[in-house]
Amino acid sequence: MERGRAVAVAVAVAGLVWVAATVAAEPLPQYYNAIFSFGDSFSDTGNFVIINSGKLPNMPKFPPPYARCSNGRLVIDFLAEAFGLPLLPPSANKGTNFSQGANFAVMGATALDLKYFKDNNVWSIPPFNTSMSVQLQWFDEVKQTVCSSPQECREFFSKALFVFGEFGGNDYSFAWKADWSLEKVKTMVPRVVASMVGGIERLLDEGARHVVVPGNLPAGCIPITLTMYASDDRSEYDPRTGCLKKYNSVALYHNAMLRIALDQLQRRRPDSRIVYADYYTPYIQFARTPHLYGYKRGALRACCGGGGPYNYNMSASCGLPGATTCEDPDAHVSWDGIHLTEAPYRFIANTWIRGPYAHPPLASVVRDDMVY
Ligand SMILES: *[C@@H]1O[C@H](CO)[C@@H](O)[C@H](O)[C@H]1NC(C)=O
Ligand SMILES: *[C@@H]1O[C@H](CO)[C@@H](O)[C@H](O)[C@H]1NC(C)=O
Ligand SMILES: *[C@@H]1O[C@H](CO)[C@@H](O)[C@H](O)[C@H]1NC(C)=O
């Protein structure tokens with residue numbers, strides 16, 4: 001029994017080393033001409049800071065490339081590096097040459113339009129108009145600068161990689177904040193997924209062929225959720241991870257429904273390659289066995305924050321007075337109580353490229369296209 005377990009652990013560790021080793025040893029071919037990214041703060045590489053500079057009191061002063069919600073690079077940065085492209089410029093940086101890609105993602109962005117939240121009395125949303133459909137309008141503007149004739153644009157986008165998400169996490173968190181019940185939050189899921197599929201189809205209609213669609217993170221494992229919705233009832237927590245089950249159940253439902261919708265989309269559009277990219281499973285693995293991945297401080301405690309059991313304090317969150325930053329960010333999964341540190345982002349990016357957490361892995365998508 002014990003021996004079996006030891007072998008399983010050794011295999012898991014060897015797997016990690018293998019992922020790291022192959023990425024270093026065997027660079028991917030420079031296959032894509034550009035990367036276009038859409039989403040929220042998990043992939044924002046500067047838009048929020050540019051859009052709000054001068055408007056909000058606590059905006060950081062530093063310009064891109066530092067304006068990310070992390071201590072370093074995000075998954076989208078590691079994807080760009082792996083494919084031999086420059087880090088994606090934020091689309092709000094007008095006058096930039098976007099011929100190798102643009103990043104439309106903005107912190108706080110939702111899959112649904114502002115109108116949905118207003119109509120449903122969800123007032124906790126920030127006053128930003130940066131939803132998925134707005135990002136697609138920005139894409140139309142950037143398009144004018146990177147290609148001219150419809151033929152030329154289709155050709156150009158057919159050789160680009162599109163990363164569409166993460167979307168939905170903010171939609172659900174605004175609803176939780178407005179005290180919606182689990183049943184009511186779940187009614188949003190089909191709408192969010194349909195909205196995403198509509199957005200992806202718009203890109204396919206522009207000539208996109210390779211689209212990576214990240215699912216939701218396990219919201220119930222994130223320090224802000226664990227702090228805001230802390231419960232005295234131990235049965236609300238998953239004993240294997242310490243995460244709040246209710247918030248994870250919505251993420252799981254979203255991801256399951258998204259995968260079904262993406263499979264259907266793939267069948268409708270056989271010339272495209274639609275990749276589902278999984279944030280959820282690796283994050284749960286970190287939460288179950290953080291030491292196996294090098295996260296000595298665990299998965300549920302933020303590196304940068306203002307105290308409390310998860311080192312998340314709303315009135316002293318990372319960047320505000322009262323917050324401190326840990327000495328060892330690589331030993332933490334969570335950077336600021338919401339977003340991840342660079343170490344897990346690097347790990348997740350590698351698993352999306354080589355497997356096992358993308359379906360199919362990006363390296364095989366590229367390889368298939370080069371063979372045929
Ligand atoms: C934009 O960059 C591409 C290559 O990165 C280059 O070929 C092109 O000439 C540049 N366009 C402008 C307007 O500078
Ligand atoms: C949001 O922005 C888009 C495009 O920039 C605009 O068409 C729309 O009217 C705006 N919506 C609101 C609610 O401000
Ligand atoms: C949260 O931060 C505020 C402001 O710095 C502080 O007064 C409070 O004690 C902190 N709460 C915890 C639980 O650390």
Side-chain angles (χ1 to χ4, degrees), residues 30-36 38 40 47-48 50-52 55 57-58 80-81 83-123 125-148 152-153 155-157 159-161 167 170-171 174 195 198-199 202 223-230 232 300-326 334 336-338:
Q30 166 116 40
Y31 178 81
Y32 295 114
N33 58 10
I35 300 180
F36 296 96
F38 303 79
D40 57 23
N47 278 334
F48 187 84
I50 296 168
I51 293 169
N52 296 294
K55 290 192 210 159
N58 287 312
E81 286 183 359
F83 287 109
L85 289 164
L87 301 188
L88 300 197
S91 59
N93 217 351
K94 304 283 179 228
T96 302
N97 181 344
F98 293 116
S99 66
Q100 289 186 294
N103 190 353
F104 305 95
V106 197
M107 182 175 130
T110 49
L112 302 177
D113 281 335
L114 275 187
K115 186 173 183 308
Y116 174 86
F117 299 95
K118 286 189 180 144
D119 289 352
N120 286 280
N121 241 335
V122 174
W123 297 115
I125 45 165
F128 307 123
N129 182 20
T130 56
S131 66
M132 188 201 85
S133 68
V134 173
Q135 292 181 27
L136 285 164
Q137 288 182 31
W138 296 342
F139 172 75
D140 287 339
E141 289 163 27
V142 161
K143 180 185 160 187
Q144 331 264 320
T145 73
V146 294
C147 55
S148 18
E152 191 200 327
C153 290
E155 179 78 8
F156 180 72
F157 294 136
K159 296 195 203 103
L161 176 66
F167 278 117
N170 285 318
D171 301 67
F174 297 151
S195 161
R202 261 176 77 173
I224 185 175
T225 313
L226 288 159
T227 304
M228 281 175 57
Y229 305 112
D232 293 331
L300 309 185
R301 195 181 155 73
C303 161
C304 176
Y310 303 99
N311 195 27
Y312 183 83
N313 180 343
M314 189 76 79
S315 47
S317 58
C318 187
L320 294 182
T324 55
T325 304
C326 67
S334 180
D336 57 3
I338 303 173

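What's counted below: heavy atoms across the whole structure, side chains too, no hydrogens, waters or symmetry copies. The structure displayed is predicted, hence computed values, not measured ones. First listed ligand is number 1; within each ligand, the first listed atom is number 1.
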Practice task
Please check atom 9 (O) of ligand 2 for a protein heavy-atom neighbour under 4.0 Å.
Solution key: no
Exercise for the section: Evaluate the 4.0 Å heavy atom contact test for atom 14 (O) of ligand 3: does a protein atom fall under the cut-off? Expected result: yes
Exercise for the section: Return yes if some donor-acceptor pair links the side-chain N/O of Asn47 with the main-chain N/O of Asn103 below 3.5 Å, else return no. Expected result: yes
Exercise for the section: Would you confirm whether Asn170, through its side chain, and Ala109, through its main-chain N or O, come within 3.5 Å as a donor-acceptor pair? Expected result: yes
Exercise for the section: Considering only NZ, NE, NH1 and NH2 on the basic side and carboxylate oxygens on the acidic side, decide whether Arg202 and Asp140 come within less than 4.0 Å. Expected result: yes
Handout entry: Protein residue, atom and distance nearest to atom 5 (O) of ligand 2, heavy-atom basis
Key = Gln137 OE1, 3.9 Å
Problem - Pick from Thr130, Asn129, Val134: the one approaching atom 11 (N) of ligand 2 most closely through a non-hydrogen atom - result: Asn129
Fill in the blank from the handout: Heavy-atom proximity to atom 1 (C) of ligand 1, picking from Thr145, Asn33, Asn97, Val146, points to Asn97
Practice task
Determine, stepwise, if the pair Leu226 / Tyr312 fulfils side chain to side chain contact (heavy atoms under 4.5 Å, CB included).
Solution key: CA-CA 9 Å; Leu226 288 159; Tyr312 183 83; over 6 Å; no
Fill in the blank from the handout: Under 4.0 Å from one or more heavy atoms of Ser99, ligand 1 contributes atoms 1 (C), 2 (O), 3 (C), 4 (C), 5 (O)
Exercise for the section: Evaluate the pair Cys153, Cys147 and indicate whether the two SG atoms are within a distance below 2.5 Å. Expected result: yes
Practice task
Return the orientation label for the Phe36 and Phe104 ring planes: parallel under 30°, perpendicular over 60°, tilted otherwise.
Solution key: parallel
Near [X], which atoms of ligand 3 are under 4.0 Å from a heavy atom of that residue?
| X | answer |
| --- | --- |
| Ala316 | 2 (O), 5 (O) |
| Asn313 | 1 (C), 2 (O), 3 (C), 8 (C), 10 (C), 11 (N), 12 (C), 14 (O) |
| Ser315 | 1 (C), 2 (O), 3 (C) |

Exercise for the section: Heavy atoms only: give me the nearest Cys318-Asp336 pair and the separation to one decimal. Expected result: CB-CB, 3.6 Å
